[in-house]
Amino acid sequence: TAQVRQLERSGQLRPAPVASSCLDRSGHPQLTVLVDAKGTPRLVRYGRRQPDHSASFTGYYDAAGRLRLATGSAAGLAGPLYNLTAEYDPRGILLYESGTRRSGWNADLRSLGGLNAAALRLGRCPA
């Protein structure tokens, strides 16, 4: 993540196109995908805010485009659903997870709350 943050700070990452379905009702983007000079997604930020639900996801990718660190959170009418940080190895195997989950929210962070980290990486938002 330090390398990706340095690339972002130094202006070496550029925004990639995302699907028009990734705009909220007022036309603001819910998804940002930043790619390196080779076009490899390195940083993905997604945030959806609705009156009764919110969700966010941030993914840091290595130079090969593999998810290595992710953070995510969601809340509903009844309060927080999850607030997690997860680290993955190059094969995509979960190495470490920290944070809190409400009972019943036990899926991998990459797919919690209807998220699809692979689709986000490609610039597609959940329906």
Apart from Leu7 itself, what residues make up its hydrophobic cluster when side-chain heavy atoms of I, L, V, M, F, W and Y under 4.5 Å apart count as a link, directly or indirectly?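 For the cluster that includes Leu7, the remaining residues are Val4, Leu13, Leu34, Leu43, Tyr60, Leu69.
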Could you walk me through whether Val18 and Thr32 pass the side-chain contact (heavy atoms from CB on, under 4.5 Å) test, one step at a time? CA-CA 7 Å; Val18 297; Thr32 302; over 6 Å; no
Result block: side-chain N/O donor-acceptor pairs under 3.5 angstrom for residues 84-92, not counting sequence neighbours:
| from | atom 1 | to | atom 2 | distance (Å) |
| --- | --- | --- | --- | --- |
| Tyr88 | OH | Asp108 | OD1 | 2.8 |
| Asp89 | OD1 | Arg91 | N | 2.8 |
| Asp89 | OD1 | Gly92 | N | 3.0 |
| Asp89 | OD1 | Ile93 | N | 2.9 |
| Asp89 | OD2 | Arg91 | NE | 3.3 |
| Asp89 | OD2 | Arg91 | NH2 | 2.7 |

May I have all residue pairs that pass side-chain hydrogen bond (donor to acceptor under 3.5 Å, both in side chains) and include part of residues 69-83, sequence neighbours excluded? Ser56-Ser73
Pairs where [range] contributes a residue and the test disulfide (SG to SG under 2.5 Å) is met, not counting sequence neighbours:
range           : value
residues 66-117 : none
residues 32-68  : none
residues 35-82  : none

Counterpart residues, side chain to side chain contact (heavy atoms under 4.5 Å, CB included), relative to Ser103 (two or more places apart):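 Side chain to side chain contact (heavy atoms under 4.5 Å, CB included) check on Ser103 returns nothing, list empty.
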May I have all residue pairs that pass salt bridge (Lys or Arg N to Asp or Glu O under 4.0 Å) and include part of [range], sequence neighbours excluded?
range           : answer
residues 51-62  : Asp62-Arg66, Asp62-Arg68
residues 95-105 : Glu97-Arg101
residues 7-36   : Glu8-Arg45, Asp36-Arg42
residues 26-35  : none

Measure from the side-chain N and O atoms of His28 to the backbone N and O of Leu23, and report whether any donor-acceptor pair falls under 3.5 Å. no
Only distances under 3.5 Å count here; give the side-chain donor-acceptor pairs of residues 114-127 to other protein atoms, sequence neighbours excluded, each with its distance to 0.1 Å.
| from | atom 1 | to | atom 2 | distance (Å) |
| --- | --- | --- | --- | --- |
| Asn116 | OD1 | Ala118 | N | 3.0 |
| Asn116 | OD1 | Ala119 | N | 3.0 |
| Arg121 | NE | Gly65 | O | 3.0 |

Work out which heavy atom in Ser21 is nearest to a heavy atom in Gln30; give both atom names and the distance.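 Here Ser21 and Gln30 meet closest at O-OE1, 4.4 Å.
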Considering all heavy atoms of both residues, which atom of Pro41 and which atom of Val33 are nearest to each other, and what is their separation? CB-CG1, 4.0 Å
Do Thr40 and Val35 have side chains that get closer than 4.5 Å, going by heavy atoms?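 Not in contact.
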Separation of Gln50 CD from His53 NE2 (nearest 0.5 Å): 7.0 Å
